[in-house]
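Some notes on the structure that comes next.
The residues of the chain are indexed from 1 along the displayed sequence. Because the structure is a prediction, the values reported are computed rather than measured.
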Amino acid sequence: MSDARTPTEIEADIKRRREQLAETLDEIGVRVHPKTIVGDAKARFVGSVDHTLGRAYVGVNRAVTDVKAQFVDGDGAPRMERVVPVALVVVGVVGLLAMSARRRRG
């Protein structure tokens, strides 16, 4: 199989390939530049943090919804049979802490 190209076609092909090679080298230079590497690392880190925070938000939101469902019925009215005992426990714990703090001072 012989190459029937003219010298002008060969020169044009060489010129085109040189330009492609120059573009490729420029792209490689940009990719390995320290600022590019740092920027890519920052972007990956921020993406990872955003993903983690998003998952944490969904988890906390789900937990809050589950706790709320324990103290509020489907109509939004408080379930007094659950609210009153919890309120009494909270008042008792706060009272004990207040008495303990008073003893330490006195």
Are V38 and V30 connected in the hydrophobic side-chain network, where two residues link if heavy atoms are under 4.5 Å apart?
-> no

Can you tell me how far NZ of K35 sits from NZ of K42, rounded to the nearest 0.5 angstrom?
-> 10.5 Å

Separation between CZ (F71) and CZ (R82), nearest 0.5 Å, reads 8.0 Å

How far does CG of L21 sit from CG of D26, to the nearest 0.5 angstrom?
-> 9.5 Å

Scanning both residues in full, the closest heavy-atom pair of R31 with T36 reads O-CG2, 4.0 Å

Same apolar cluster: V94 and V86, side chain cutoff 4.5 Å = yes

When rounded to the nearest 0.5 Å, the distance separating CG of D13 from CZ of R16 is 4.5 Å

Work out which heavy atom in R79 is nearest to a heavy atom in Q70; give both atom names and the distance.
-> CD-O, 3.6 Å

ILVMFWY network linking L53 to V58, side-chain heavy atoms under 4.5 angstrom = no

Does E9 reach the main-chain N or O of T6 with its side chain, forming a donor-acceptor pair under 3.5 Å?
-> yes

V89-M80 co-clustered via ILVMFWY side chain contacts under 4.5 Å = no

Passes side chain to side chain contact (heavy atoms under 4.5 Å, CB included), K68 versus T65? Steps please.
-> CA-CA 5 Å; K68 182 180 175 185; T65 301; 5.6 Å; no

Indicate yes or no for a side-chain donor-acceptor contact from D75 to the backbone of A77 under 3.5 Å, with no hydrogens or angles considered.
-> no

Take R62 and D66, measure what salt bridge (Lys or Arg N to Asp or Glu O under 4.0 Å) needs, and give me the verdict at the end.
-> CA-CA 6 Å; R62 186 176 301 132; D66 291 346; over 6 Å; no

Would you sort out whether R104 and S100 count as a side chain to side chain donor-acceptor pair (under 3.5 Å), showing the intermediate values?
-> CA-CA 6 Å; R104 281 189 225 146; S100 174; 3.1 Å; yes

